[in-house]
Amino acid sequence: MTDNDILQIKHLSKNFGTNKVLRDIDFSVKTGDVTSVIGASGSGKSTLLRCINLLETPTSGDILYHGENIMKLKGGAPKYRSHVGMVFQSFNLFNNMSVLKNCMIGQIKVLGISKQEAQQTAMHYLEKVGMAQYIKAKPRQLSGGQKQRVAIARALSMKPEVLLFDEPTSALDPEMVGEVLEVMRALATDGMTMIVVTHEMNFAKDISNKVVFMSDGVICEEGSPEQIFVNPAKQETADFLARFRSS
Amino acid sequence: MNTFNALFGDVSKLWEKYASQYLTGALNTIELAVVATIIGCIIGLACGILQTIPCSKTDNIIKRVLLTAVRAIIRIYVEVFRGTPMILQAVFVYFAIPYLSNNTVRLDMIPAAYLVVSINTGAYMAETVRGGILSIDIGQTEGAKAIGMNHFQTMLHVVLPQTMRNILPQIANNLIINIKDTSVMFIIGYSELFAVHKGITGATYLYFPSAAISMIIYLIMTVICSVILRFWESRLDGPANFDITTTDTLAHTSGMYSYVGKKDQSEAENGGAR
């Protein structure tokens, strides 16, 4: 491994009962990488992301964060998770808090930052995603696209080193997909390290510098966007992408 | 008509003579019911948090044994106190302590009554809270974990506030049940409203007029509690609308105003909730 590897996934497997969802996954993420994970539904993309954030406990294998095994990390999962942000398909904003509070609570309670500083940071990121006007709103009063932008601001407020996106636009109406992708595009330009599970092929092609194609719980092929989208080495990759083009 | 006149006469006669006793009884009833419901809620919340601590096979053995023991104790507690009549629990607790300590320790009837009603309510609340926690979407927990919160923080800041809102109607139920069911505490001599009624009828033999007075007092107490808790619920829901905020001070002149306290009006303006 090299020094700028943030995350290294080694021989990761995950079983749900007898169902082998992930089999022997190996890949690494460098600072500033934007990795898109693509593949059919049920190929294990989301499970991989949830394993990286320890929302699912891997059955076997190791995840190294700056060379340290996170399964044996001091302070356990919560400490590690505060360095690795996650944006969910279903937003998961805290329904009992306003937009501003959603972006402050983690900073105050987990990072131990003062209220004023937390508010400044929260406002900074809410402005960045274009939601600063809505700080008093409750999640239920927002549209899907707005909720997802707040969720991104909430994750950013924790100043994570890596941001994981689990199909961030899949639950959105078509006309709201654009506003969320726009925010993610800006983040990528700023040099944020991201792993994005997505069905937005154009986004994967334009924004990421690395594409991982998953099929049946294994990484079928990985490489640069040109390599995957223009000259796929594997027949499965070509078939998958052909299905997308024809639809 | 004559019977109604007679009843009215008896009621007013009783009220003139015993009003302060009825009111003291009512006060004792409401005190016991409110305090025991609050303590019961705290017991229920504690049980709810303890019962939902996640436990996986990869955790160390001490944690797993401890958690299993805690869950078993809570389960037994719930089954015993939910599954036996409160009137018997009162007798049981009140007489158990002197009996087991050879009459050296005695529990006064007032602490005994508070203790019994509290732990009885706690047993019901434990299940209510557990149900309330289960009803909160798992996404809320995952969202909290994803920003690094531990189980306790997740519960305290995210899950329980939402649980509390959802179980408030059930808490109201418990309070009202307690106002009525504390009447069984007459069995250990706690002088709440029903005990007062019994005492007065023993002296006057005016069973029906006294029962009529007690019924009305109970009904007034329960209706007031019901209204207060409904009001609290609507407060927790917060305003239906929110202000668009801006850092541009020039925009303040453009007629932006606060919706706070103007819930109904602003709802009408916006054509209902979004």
Side-chain angles (χ1 to χ4, degrees), chain A residues 50 53-59 71 75-103 105-111 123 126-127 131-143 151 154-155 157-158 160 163-164 166, chain B residues 54-60 63 132 135-166 168 236-248 251-252 254 256-260 263 266-267 270 272-274:
Chain A
R50 292 168 61 84
N53 206 8
L54 292 184
L55 285 174
E56 304 286 354
T57 315
T59 311
M71 260 79 98
K79 182 95 181 62
Y80 160 71
R81 287 196 192 108
S82 66
H83 299 297
V84 180
M86 176 118 173
V87 175
F88 298 87
Q89 183 177 350
S90 50
F91 327 123
N92 295 351
L93 290 178
F94 306 137
N95 294 327
N96 55 324
M97 299 175 198
S98 67
V99 164
L100 182 62
K101 191 90 191 293
N102 260 285
C103 297
I105 186 87
Q107 299 184 65
I108 296 170
K109 301 298 173 189
V110 178
L111 303 179
M123 285 310 295
L126 282 167
E127 258 160 47
M131 288 298 293
Q133 284 189 311
Y134 297 90
I135 50 172
K136 288 186 183 171
K138 288 277 180 73
R140 68 183 144 91
Q141 294 160 324
L142 301 177
S143 74
R154 178 177 71 178
S157 296
M158 300 297 289
L163 209 46
L164 311 176
D166 186 6
Chain B
C55 179
S56 70
K57 282 181 180 154
T58 51
D59 287 328
N60 71 49
K63 186 184 169 191
S135 77
I136 303 298
D137 178 29
I138 185 75
Q140 296 287 310
T141 309
E142 288 186 348
K145 282 189 175 159
I147 57 170
M149 287 194 187
N150 58 32
H151 178 71
F152 184 72
Q153 290 169 328
T154 304
M155 280 288 155
L156 193 66
H157 302 297
V158 178
V159 176
L160 285 182
Q162 298 181 50
T163 302
M164 282 304 283
R165 168 64 192 89
N166 289 354
L168 205 54
L236 277 183
D237 286 341
N241 291 287
F242 60 92
D243 294 330
I244 295 287
T245 48
T246 176
T247 44
D248 179 6
H252 289 159
S254 66
M256 295 171 89
Y257 68 98
S258 175
Y259 280 118
V260 177
K263 185 173 168 184
S266 57
E267 235 167 15
N270 291 353
R274 290 161 68 113

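Naming convention: chains lettered A, B, ... in sequence-line order (proteins, then strands); numbering from 1 in each chain.
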**OP:** Answer yes or no: is there a donor N or O on one side and an acceptor on the other, between the side chain of B/Gln140 and the main chain of A/Leu93, under 3.5 Å?
**Re:** yes

Original post:
Do you know which of A/Ser82, A/Pro160, A/Ala137, A/Gly106 has the most heavy-atom pairs with chain B at a distance under 4.5 angstrom?
Top reply: A/Ala137

**OP:** Check whether any side-chain heavy atom of B/Glu142 lies under 4.5 Å from a side-chain heavy atom of A/Met86, and answer yes or no.
**Re:** no

**OP:** Say whether, by atom type as modelled, one donor and one acceptor occur between the side chain of A/Asn92 and the main chain of B/Ala144 under 3.5 angstrom.
**Re:** no

**OP:** Check whether A/Phe94 gets within reach of chain B through its side chain, its backbone, both or neither, counting any heavy atom under 4.5 Å.
**Re:** both

Subject >> Nearest-0.5 Å distance, NZ of residue A/Lys138 to CG of residue B/Asp237 >> reply: 8.5 Å

**OP:** Evaluate whether atom NZ of A/Lys101 has more than 12 neighbouring non-hydrogen atoms of other residues, nucleotides or ligands under 6.0 angstrom away.
**Re:** no

**OP:** Quick one: which of A/His83, A/Lys109, A/Gln107, A/Met71 has the most heavy-atom pairs under 4.5 Å with chain B, could you say?
**Re:** A/Lys109

Original post:
Heavy-atom distance under 4.5 Å to chain B: side chain of A/Val87, backbone, both or neither?
Top reply: neither

Subject >> Nearest-0.5 Å distance that lies between atom CD1 in B/Ile147 and atom OG in A/Ser157 >> reply: 9.0 Å

Original post:
Any side-chain heavy-atom pair from A/Ile105 and B/Gln153 closer than 4.5 angstrom?
Top reply: no

**OP:** Would you give the length of the straight line joining atom CG of B/Asn150 to atom CZ of A/Arg81, rounded to the nearest 0.5 angstrom?
**Re:** 10.0 Å

**OP:** Decide yes or no for B/Val158 and A/Met97: does some side-chain heavy atom of the first lie under 4.5 Å from some side-chain heavy atom of the second?
**Re:** yes

**OP:** Check each atom of A/Asn95 against the heavy atoms of chain B and say whether the ones under 4.5 Å are side chain, backbone, both or neither.
**Re:** both

